[in-house]
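If you're wondering where the values come from, they're calculated on a predicted model, not measured in any experiment.
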Number of protein chains: 2
Amino acid sequence: MKQEATCEQELIAIRDSLEILGGKWKLRIMRHLNNHITETNTFKKIQREVEGISAKMLSKELQDLETNLLITRTVMNTRPITVNYAITEYGKSVFPVTETLVQWGLNHRQKIK
Amino acid sequence: MKQEATCEQELIAIRDSLEILGGKWKLRIMRHLNNHITETNTFKKIQREVEGISAKMLSKELQDLETNLLITRTVMNTRPITVNYAITEYGKSVFPVTETLVQWGLNHRQKIK
DNA sequence: ATTATCGGTTAACTAAAGGTAACCGGTTAC
DNA sequence: GTAACCGGTTACCTTTAGTTAACCGATAAT
């Protein structure tokens, strides 16, 4: 549901969101997982498809997202071992955030060209 | 209008958006200006109401936002001189982004408590 | 004359984010 | 046995973000 808040509370809410979702990679990872929600998403696959991210950053960002219950990490019983990352129900709540950023970015690109 | 894109283009769009709107302060400043769109927003007033921001950061962030045509800066003919910052028509397009972050932040705060 | 307000700038610094490259154990294919 | 793939970790370094405090000129109030 839509919630009401004072301007001050709104700014605090933005700060809270950015603490969890801010930085260069987290929202991109979340969007990617949401776009591939029916597939298995291994570490290497994510690294290939979220262009430019290093193993170190990906590892750290995935840990942060898991800590905040936005994704799950599952070690699969395969040879060689693979690890599947999946978005949680709660993680799906991030979709509107990524969607507005996608739309704004697409629109901005059109505007400046 | 809503635009369609491939997953790859979507991730690029998010990157583009974050290049312009990312960081700790820009979205908070934009939200504040949007919430006080009918008032005059002077430097000191913004600094008081966007809690925690230093003069240096505010100055820098306002310059960045002006460069990207999201806000205007107007020196007023008052004594002492005041400067009014106002959101542009284009700047209003950022509102949905801040709105989803506000809602997510409010919801998250409820969830973890 | 002194103090205060406005709208900043500057310098010096610290902290956080992010990048690069080497390396790890385990497994499988050649 | 050697090379390749998976899923990372570690150490080292650079860059960016952000903080603190001092200071500036102009104007106005006491």
Side-chain angles (χ1 to χ4, degrees), chain A residues 11-12 14-30 32-33 36 39-68 71-87 101, chain B residues 11-12 14-30 32-33 36 39-68 71-87 101:
Chain A
L11 297 197
I12 290 172
I14 292 177
R15 187 201 60 193
D16 289 349
S17 296
L18 293 181
E19 251 167 47
I20 293 170
L21 302 171
K24 194 169 172 178
W25 299 111
K26 290 202 179 76
L27 287 169
R28 283 202 250 180
I29 294 168
M30 288 301 289
H32 183 264
L33 290 179
H36 298 81
E39 309 168 30
T40 57
N41 295 291
T42 67
F43 189 89
K44 278 286 194 281
K45 183 163 171 284
I46 299 172
Q47 199 185 350
R48 271 191 303 268
E49 294 172 13
V50 176
E51 246 194 74
I53 196 166
S54 66
K56 175 196 155 184
M57 281 308 296
L58 181 54
S59 173
K60 191 211 147 217
E61 300 292 68
L62 289 171
Q63 280 172 34
D64 290 348
L65 293 172
E66 195 193 355
T67 298
N68 284 306
I71 64 172
T72 55
R73 177 184 189 274
T74 314
V75 179
M76 307 300 279
N77 204 4
T78 55
R79 304 285 145 182
I81 282 172
T82 54
V83 176
N84 188 35
Y85 292 94
I87 207 161
L101 280 170
Chain B
L11 297 198
I12 290 172
I14 292 178
R15 188 202 60 195
D16 290 349
S17 296
L18 293 182
E19 253 167 44
I20 292 171
L21 302 173
K24 193 169 170 180
W25 300 111
K26 289 202 181 73
L27 287 169
R28 281 202 253 180
I29 294 168
M30 289 302 288
H32 183 265
L33 290 179
H36 298 79
E39 309 167 30
T40 57
N41 295 291
T42 67
F43 188 90
K44 278 286 195 282
K45 184 163 170 281
I46 299 171
Q47 198 185 351
R48 270 190 302 267
E49 294 172 13
V50 176
E51 245 193 75
I53 195 165
S54 66
K56 178 193 157 185
M57 281 308 294
L58 182 54
S59 173
K60 190 210 148 219
E61 301 292 67
L62 289 172
Q63 280 171 34
D64 291 348
L65 293 172
E66 195 193 354
T67 297
N68 285 307
I71 64 171
T72 55
R73 177 184 189 274
T74 313
V75 179
M76 306 302 277
N77 202 4
T78 54
R79 307 283 146 178
I81 283 171
T82 54
V83 177
N84 188 33
Y85 292 93
I87 208 160
L101 280 170

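- The CG atom of B/Asn68 lies 4.5 Å from the CD1 atom of B/Ile20; values are rounded to the nearest 0.5 Å.
- One can place CG of A/Leu58 at 13 Å from C1' of D/dC6, the figure rounded to the nearest angstrom.
- B/Thr42 comes within 4.0 angstrom of the backbone, heavy atoms only, and of no base.
- Under a 4.0 Å N-O distance rule, the pair B/Arg15/A/Glu51 does not qualify as a salt bridge.
- Among the heavy atoms of the strands lying under 4.0 Å from A/Thr82 are primed sugar atoms or P, OP1, OP2 only; no base atom is included.
- Atom P of nucleotide D/dT9 and atom CD1 of A/Ile53 are separated by 13 Å, given to the nearest angstrom.
- Each of A/Glu61 and A/Thr78 was matched to the nucleotide of DNA chain C holding its nearest heavy atom; the match closer to the 5' end belongs to A/Glu61.
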For this session: Show the numbers, then the answer: is there a side-chain contact (heavy atoms from CB on, under 4.5 Å) between A/Asn41 and A/His32?
Result: CA-CA 9 Å; A/Asn41 295 291; A/His32 183 264; 4.1 Å; yes

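- Interface remark: the B/Lys56 side chain does form a donor-acceptor pair with the D/dT19 base, using a distance-only criterion of under 3.5 Å.
- Contact detail for A/Val50 and A/Ile53: the closest heavy-atom pair is O-CG2, 3.3 Å.
- Between the CG atom of A/Leu18 and the P atom of D/dG18 there is a distance of 10 Å, rounded to whole Å.
- Protein atom CG of B/Asp64 is 13 Å distant from nucleotide atom C1' of D/dG18, rounded to whole Å.
- In this structure, NZ of A/Lys45 is placed 15 Å from P of D/dG8, rounded to the nearest angstrom.
- OP1 or OP2 of D/dT9 has at least one side-chain nitrogen or oxygen of A/Gln63 nearer than 4.0 Å.
- Look at A/Lys60 and you won't find any side-chain N or O under 4.0 angstrom from OP1 or OP2 of D/dT9.
- Among the nucleotides C/dG18, D/dG8, C/dG26, the one closest to any side-chain atom of A/Pro80 is C/dG26.
- Rounded to a whole Å, the NZ atom of B/Lys44 is 12 Å from the P atom of C/dT9.
- Within the 4.0 Å cut-off from OP1 or OP2 of C/dC6, not a single side-chain nitrogen or oxygen of B/Tyr85 is found.
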Exercise. Can A/Gln63 and A/Lys60 be said to form a side-chain contact (heavy atoms from CB on, under 4.5 Å), step by step?
Worked result: CA-CA 5 Å; A/Gln63 280 172 34; A/Lys60 191 211 147 217; 5.7 Å; no

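- At whole-Å resolution of the value, CZ in B/Arg73 and C1' in C/dT9 are 12 Å apart.
- Looking at the side chain of B/Lys24, the nearest of the listed nucleotides D/dG7, D/dT19, C/dG7 is D/dT19.
- B/Gln47 comes within contact range of no nucleotide atom at all, as no heavy-atom separation falls under 4.0 Å.
- Between A/Ser59 and the phosphate of D/dT9, there is a side-chain N or O to OP1/OP2 separation shorter than 4.0 Å.
- Between B/Met57 atom CE and D/dA21 atom P the separation is 17 Å, expressed in whole Å.
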